[in-house]
Amino acid sequence: MNGDWIDEAEAFEAAETRPLSARAAAARPTPYLDGLNEEQRAAVETLEGPVLVLAGAGTGKTRALTTRIAHLIATGRARPNEVLAVTFTNKAAREMRHRVGGLVGAVVEGMPWLGTFHSLSVKILRRHAELVGLKSNFTILDTDDQIRLMRQIVQAERIDEKRWPPRMLASLIDGWKNRALTPERVPSSEASAYAHRGTELYAAYQERLRTLNACDFGDLLLHVVGIFQNHPDVLDRYQSWFRYILVDEYQDTNVAQYLWLRLLAGRHRNICCVGDDDQSIYGWRGAEVENILRFEKDFPGAKVIRLERNYRSTPHILAAASGVIAANESRLGKTLWTDVAKGEKLRLIGHWDGEEEARWIGEEIEAFTRGTRGAEPVPADAIAILVRATHQMRAFEDRFLTIGLPYRVIGGPRFYERQEIRDAMAYFRVAVSPDDGLAFERIVNVPKRGLGDKAVQEINRVARENGISLLEAARALAAERGLSARACGQLGALVADFDRWHALAREGEDHVGLAEAILEESGYTQMWQAEKSPDAAGRLENLKELVKGLGEFENLQGFLEHVSLVMDNEQDEGARKVSIMTLHAAKGLEFPCVFLPGWEDGLFPSQRAMDESGLKGLEEERRLAYVGITRARRFCTISFAANRRVYNQWQSALPSRFIDELPAAHVEVLTPPGLYGGGYGAASPAPMSTLADRAAEADVYDSPGWKRMRARAESRPVSQPREARDMVIDATAVPAFAAGDRVFHQKFGYGVVRRVEGDKLAIDFEKAGSKNIVARFVVAADDIPF
DNA sequence: GTCTGCGAGGTTTTT
DNA sequence: CCTCGCAGAC
């Protein structure tokens with residue numbers, strides 16, 4: 001998306017008046033339809049009118065979608081540039097383009113309207129920017145810029161930053177934008193109850209954006225919706241142009257996106273939305289599951305097609321996932337099925353603490369890759385560990401580093417969100433558009449030039465009072481000696497540098513060379529070279545990477561847009577490594593072998609989700625569980641730990657309530673290692689190191705106390721999974737403890753059982769206070785094995 | 001204007 | 001425990 005919109009706009013004008021000659025050439029062979037099942041075929045061939053495709057996990061959704069596009073083009077119902085295909089992520093857009101290309105050949109080169117909501121919005125907005133008071137070369141702000149801008153406003157309004165953190169206000173505004181609420185439209189109840197003068201600040205923020213000629217991510221959509229609503233002539237042209245609209249991951253759309261789609265589909269009404277209400281996991285970011293639940297109301301006469309045949313997972317895995325998701329109330333309901341062989345049950349295991357969980361999973365992974373588990377070796381890149389929260393990753397990284405297991409963390413800070421990249425980008429931004437005040441402010445004192453808060457405030461004041469850009473204000477201040485001599489000298493030099501770089505950029509100087517020169521001459525590279533911290537080298541490496549990436553673009557301008565909207569960090573895809581990522585990041589992916597650690601109440605489901613959103617939050621967490629399980633093709637292992645170090649304090653937790661929802665018939669409960677001695681031999685072949693460890697501890701496991709405890713544990717196994725609908729507590733699950741029993745816990749010491757609930761005990765510890773503990777993690781006080 | 005010490009807070013994050 | 005942001009000290 002490097003400034004080519006003008007050409008496309010012209011093509012748009014020209015093409016519109018041409019007859020649809022391609023349409024005459026219908027009735028070509030349709031080899032791409034071969035191999036689709038009946039429902040997929042319906043999803044592909046039901047072309048006219050609104051269609052909702054409810055596609056469960058692993059049911060060939062992307063295939064149906066891409067084939068549908070191919071079909072539209074091949075049958076001549078639409079030219080490639082008359083099809084609007086929308087995704088959420090760049091990755092999904094790329095993949096779709098790639099796969100459609102594979103089906104219909106090079107024609108997709110001419111599919112300019114396949115992209116993310118945001119990138120398509122930019123394309124539209126650049127053409128009509130003046131209608132919302134922007135110039136077509138507006139810049140796009142990311143979250144960081146947004147917050148900094150908000151901070152400026154908060155300061156200008158003399159609002160207490162402690163009570164109204166800019167961060168919070170920015171996310172409040174984000175939320176309003178997600179719901180397509182402009183400042184005037186925010187319900188007064190929210191505006192005042194939530195944030196002191198909320199809408200007022202929102203309006204001020206929008207005003208600032210306009211003067212900066214900038215948009216935040218939310219604006220991209222909202223401005224387009226606004227243009228469509230206020231300029232029927234513009235809307236009319238787009239409506240007529242897009243004969244067919246396709247939307248991926250419809251369950252993740254927010255109100256703004258919904259309006260965007262509904263407006264565009266208003267004429268032809270050929271809109272096909274694909275999604276899965278059970279996989280809606282972005283509610284906290286403004287996604288409205290209701291959009292998919294209401295589809296038939298919004299688009300009367302809609303056809304609903306269900307894809308329920310799963311091509312990914314074994315029956316045990318599907319049944320377990322279905323059992324969990326069945327506990328949700330607000331869902332459209334699907335029944336996934338498959339006819340592949342049964343495969344292995346899910347495995348469930350409880351651990352003493354998070355470290356042991358990581359150790360055990362590490363050993364399991366080695367067993368899988370070596371082929372001692374399952375029939376043949378599973379390559380490391382076929383294995384994934386999916387966690388609820390990023391902080392869970394550390395235990396695995398630590399462990400894998402010590403045993404030398406290659407892994408990669410997916411997600412984490414994006415390339416362009418890193419400090420050094422953002423700084424470099426800010427330099428480029430000012431060089432290209434000297435008016436970019438936010439960028440200028442970011443780097444005016446990076447590296448340190450002795451231009452601190454005071455200087456920056458002064459520049460801002462001059463800029464505001466004279467209605468000029470920050471760079472011009474800086475120029476004036478330096479010339480008029482409006483600051484200390486030292487500051488004036490530095491500022492003058494910086495302004496002169498930018499003048500020079502700007503001139504070079506305009507002259508079309510080789511932009512890669514220019515970028516290098518900017519980083520060099522500004523002293524930015526030098527700054528990191530001088531820095532001794534361990535990550536400085538990595539940062540320099542990233543800068544090199546950035547400059548290298550520039551080479552693929554025609555000019556800096558094009559690159560800047562790419563980075564702000566599209567760039568993501570794809571890394572060594574080829575390498576054989578275990579993946580560690582969040583459940584959110586795993587959506588849309590699949591792995592032969594999946595580990596789901598940390599299934600403890602409070603962590604997963606997350607306490608915060610439940611506190612903030614109640615039942616709705618819990619249901620979203622449950623969908624997350626569903627997403628997690630359905631990533632697995634053949635092996636899925638769920639685990640929990642009784643104790644976890646959180647901020648270096650020991651906390652105990654109960655197994656996740658989702659574990660109780662796993663249908664018992666599809667789950668194999670493993671005996672945890674370490675606890676009862678010998679558990680290992682039964683559960684999995686232990687690597688040498690572990691056997692050695694065990695041997696060293698052998699005498700402990702031989703004590704009478706352990707033997708007694710072990711015998712009791714076997715009659716009352718780990719947190720018994722039950723049938724989801726079986727609400728009665730299984731008699732065998734009743735623990736051997738009673739209220740009043742004196743018990744011992746390895747971490748918390750002695751205590752007295754206060755209450756017994758199934759296999760969970762409420763215990764008052766002498767030192768550690770009261771805790772909820774699973775019965776098998778404590779021993780009767782007289783059974784202590786030493 | 002930059003450095004140090006103290007207190008608060010510490011989910012998920014497509015664009 | 002570790003990181004960030006701020007207030008006060010240089």
For [X] and [N], give me the distance from atom [atom1] to atom [atom2], rounded to whole Å.
{"X": "A:Q457", "N": "B:dG1", "atom1": "CD", "atom2": "P", "value": "9 Å"}
{"X": "A:Q146", "N": "B:dT13", "atom1": "CD", "atom2": "C1'", "value": "13 Å"}
{"X": "A:R608", "N": "B:dG10", "atom1": "CZ", "atom2": "C1'", "value": "9 Å"}
{"X": "A:L583", "N": "B:dT13", "atom1": "CG", "atom2": "P", "value": "10 Å"}
{"X": "A:Q607", "N": "B:dT12", "atom1": "CD", "atom2": "P", "value": "15 Å"}
{"X": "A:Q257", "N": "B:dT15", "atom1": "CD", "atom2": "C1'", "value": "9 Å"}
{"X": "A:M393", "N": "B:dT12", "atom1": "CE", "atom2": "P", "value": "8 Å"}

Q | Earlier contact from the 5' end, DNA chain B, for A:L451 and A:M610 | A | A:L451
Q) For DNA chain B, whose closest nucleotide is more 5', that of A:T116 or that of A:I281? A) A:I281
Q. Are A:F604 and A:F640 an aromatic pair by the rule of ring centers under 6.0 Å?
A. no
Q: Measure centre to centre between the rings of A:Y238 and A:H128, then say whether the value is under 6.0 Å.
A: yes
Q. Do we see A:W284 stacking on the base of B:dT12, given a limit of 5.5 Å between centres and 30° between planes?
A. yes
May I ask you to say what [X] touches in the nucleic acid, namely base, sugar-phosphate or nothing, with a heavy-atom cut-off under 4.0 Å?
{"X": "A:Y282", "answer": "base"}
{"X": "A:R388", "answer": "base"}
{"X": "A:E620", "answer": "nothing"}
{"X": "A:A609", "answer": "base"}
{"X": "A:K454", "answer": "sugar-phosphate"}
{"X": "A:D142", "answer": "nothing"}

Q | Atom CZ of A:R262: over 12 foreign heavy atoms under 6.0 Å | A | no
Q. Which residue pairs pass the side chain to side chain donor-acceptor pair (under 3.5 Å) test with at least one member in residues 601-611 of chain A, sequence neighbours excluded?
A. A:D601-A:R657, A:Q607-A:D611, A:R608-A:E612
For nucleotides 1-10 of chain C, tabulate all protein N/O to nucleotide N/O atom pairs closer than 3.5 Å, reporting atom names and distance.
{"from": "C:dC1", "atom 1": "O5'", "to": "A:N648", "atom 2": "ND2", "distance (Å)": "2.8"}
{"from": "C:dC1", "atom 1": "O4'", "to": "A:N648", "atom 2": "ND2", "distance (Å)": "3.3"}

(Q) Please tell me if A:N445 has a side-chain N or O lying less than 4.0 Å from either OP1 or OP2 of B:dG1. (A) no
(Q) If you compare every side-chain N and O of A:T582 against the phosphate oxygens of B:dT13 (OP1, OP2), does one of them come in below 4.0 Å? (A) yes
Among all residues two or more places apart in sequence or in another chain, which pass the side-chain hydrogen bond (donor to acceptor under 3.5 Å, both in side chains) test with [X]?
{"X": "A:R481", "value": "none"}
{"X": "A:W599", "value": "none"}
{"X": "A:T87", "value": "none"}

Q. Out of B:dT11, B:dT2, B:dG1, which has the shortest distance to the side chain of A:K448?
A. B:dT2
Q) Counting side-chain heavy atoms from CB outward, which of B:dG1, B:dT15, B:dT12 is closest to A:R285? A) B:dT15
Q | Syn-anti status, with the boundary at 90° from 0, for the nucleotide B:dT12 | A | anti
Q) Looking at residues at least two apart in the chain, or sitting in another chain, which of them share a salt bridge (charged side-chain N to carboxylate O under 4.0 Å, His left out) with A:E619? A) none
